[in-house]
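Labels below follow one simple rule: chain letters A, B, ... track the order of the sequence lines, proteins then strands, and each chain is numbered from 1. On a predicted model such as this, the values are computed, not experimentally measured, just so you know.
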Amino acid sequence: MYMVAGVVAIVVIAGILLAYSGNIFGYGTQKQTSTESQQTIPTVREPSLSVNSQVLSGSDVVVDGLYLDEPGFVVIHKDANGAPGAVIGHSDLISGEKTNLKVAIDSSQAGSKVFAMLHYDDNSNGVYEFPQEDKPVKLADNVVVKPIVINQQTTGATEVTAVVTSEPKTVEITSTGFSPSSLTIKAGDTVTFANKDSSLHWPASAVHPTHSVYSESGGCIGSKFDACKGLAQGESWSFAFNQKGTWGYHDHLNPGLTGTIIVQ
Amino acid sequence: MLLNKLDIYSWIIIVLAIFSAAGAYTFGWQQTLPQVLIAVLAANAFDILARYAKTRQFKLTKSATVTGLFIGQLLPLSAELYLPILAAAIAIASKHMINWKGRHIFNPTLFSMLILFFIFSKSSAWWGSFAFPTQQFAALNLIVVILLGLLITLRQKRHDLVWPFIGALVLFNFVGNIFISGGVQTNLGSLGLESTTLYAAFFMLVEPKTSPLFRKARIVYGILAAAIFAAFNLLAISNFPVFAMLLGNLFVLPLDKYFR
């Protein structure tokens, strides 16, 4: 009799705790609350640029990463004896952090090197107007600029062709699901699934639990599209999609979280 | 021997406790054990209350503990903790209210998962069925599920249900894959031989109150359930093991009546 009363009491107490706190044991909504309650330390982040040598993809230069503390532009200059020369392209108005930003340029003037430079939108009209307006971003009197080496691949005697390279595609996993939930890629592209949540997540092909929809055999259950383990926070898993089609996938540990990869 | 004195419910509790412990090791105890413990406590509490309402007697049953363990392992990892309580309430209500001549129509755990799916869009994870780490030794988990499953099946004397199910499942999936994907699939998962389906077969399909009483009925039921499983898998129906098992449950009483 006492044991029964004890069991009932425990369940009732657990229910009351849940009703008032939303969750217990350190995950779910409590996790968000504790994050929100952390004291934030103000930091000043400086504008920055990161680039890599590359093969031109069409007429675009790709800037790997940048940060602009105020709205501005990435401007691409041609090489003039090792220094930034004439402008051959610029981005649309941007601000904050950007990755893999494509900037259209006049590729006929690109040569073997170009320079990427940050400019502010001084008069806040969203139009790039240097040299009248929109001066370069400076840190301690130094312009923020990075050289980009352009590798060109030739076929035949004189023809120069642009090579289409696979861009890195990332799907972030959070407690609310996959972002983006739908992603369109080319056959052969690699998608990286990155877990940003404190809970484990296990991306795998539909359908749960057989994982047999993706039509490439392998993996640990029903197809090759399977992380085969729960990814911890900060961990990622990459998979190259060689099969064309629309491929549904899910989180094997929480199958209500789903997404789609469209391989063209 | 003490082990020989254990009834089938005790055996299932031991096996499910092993899966829970493995899940706590593989996925972390915070993401697994709270929902299992709460589901077990809640299922027992609701079952005691339901039995008291019927008989005016307090009685603790092992079947409620089994239901709680199943609920904890079918819910998604890190489930909000009101879910095991709600699922337990639905399962116990189903057990006591949806029955025919003392037999459940639906497996109570699966019925609760169905309701959670429709209310909260929560698909069942079945993490207990892949609780042993597959990334380190891919076949380990499958082997453990099969060995423990055989133990339960033989003790329940339900091998005449499980083997027709598995055989028919492989056959239906093999043929179905040829028609749907245009090729022969040899992945075990594509043939239905993956740990979750086997866990469902060895531990839930054979449940005495939701499986046929007569041998011929059990054989037919196994084949019928396999056909539903294979069809739902090939059609890539979300949450299909729950739907397939519950749909199969509807045929149990008619099959028993026919093969009596």
Legend entry - Smallest separation among heavy atoms of Phe27(B) and Ala131(B), with atom names: CE1-CA, 4.0 Å
Legend entry - Check against side chain to side chain contact (heavy atoms under 4.5 Å, CB included), Tyr199(B) and Phe70(B): CA-CA 11 Å; Tyr199(B) 173 103; Phe70(B) 274 132; 3.5 Å; yes
Inset, instruction - Taking atom CZ of Phe174(B) as the centre, report whether more than 12 heavy atoms of other residues, nucleotides or ligands fall under 6.0 Å from it. - result: no
Legend entry - Residue pair Glu80(B) / Tyr82(B), side-chain donor-acceptor N/O under 3.5 Å: no
Legend entry - Residues of residues 233-248 of chain A near chain B, each having a heavy atom less than 4.5 Å away: none
Legend entry - Under 4.5 Å from a heavy atom of chain B, the part of His201(A) involved: neither
Inset, instruction - Would you check if there is a donor-acceptor pair between the side chains of Ser63(B) and Lys95(B) at a distance under 3.5 Å? - result: yes
Legend entry - Heavy-atom pair count under 4.5 Å with chain A, highest-scoring of Ala88(B), Ser124(B), Ser238(B): Ser124(B)
Legend entry - Which portion of His211(A) sits near chain B, non-hydrogen atoms under 4.5 angstrom: neither
Legend entry - Best-contacting candidate, Gly28(B), Ser123(B), Ser121(B), against chain A by heavy atom pairs under 4.5 angstrom: Ser123(B)
Inset, instruction - State, to 0.1 Å, how close Tyr9(B) and Lys62(B) come at their nearest heavy-atom pair, and which atoms those are. - result: CB-CB, 3.7 Å
Legend entry - Ala116(A) versus Val74(A), closest heavy-atom pair with distance: CB-CG1, 4.3 Å
Legend entry - Proximal component of Ile237(B), with respect to chain A [non-hydrogen, under 4.5 Å]: backbone
Legend entry - Heavy-atom proximity to chain A below 4.5 Å, by part of Ser129(B): neither
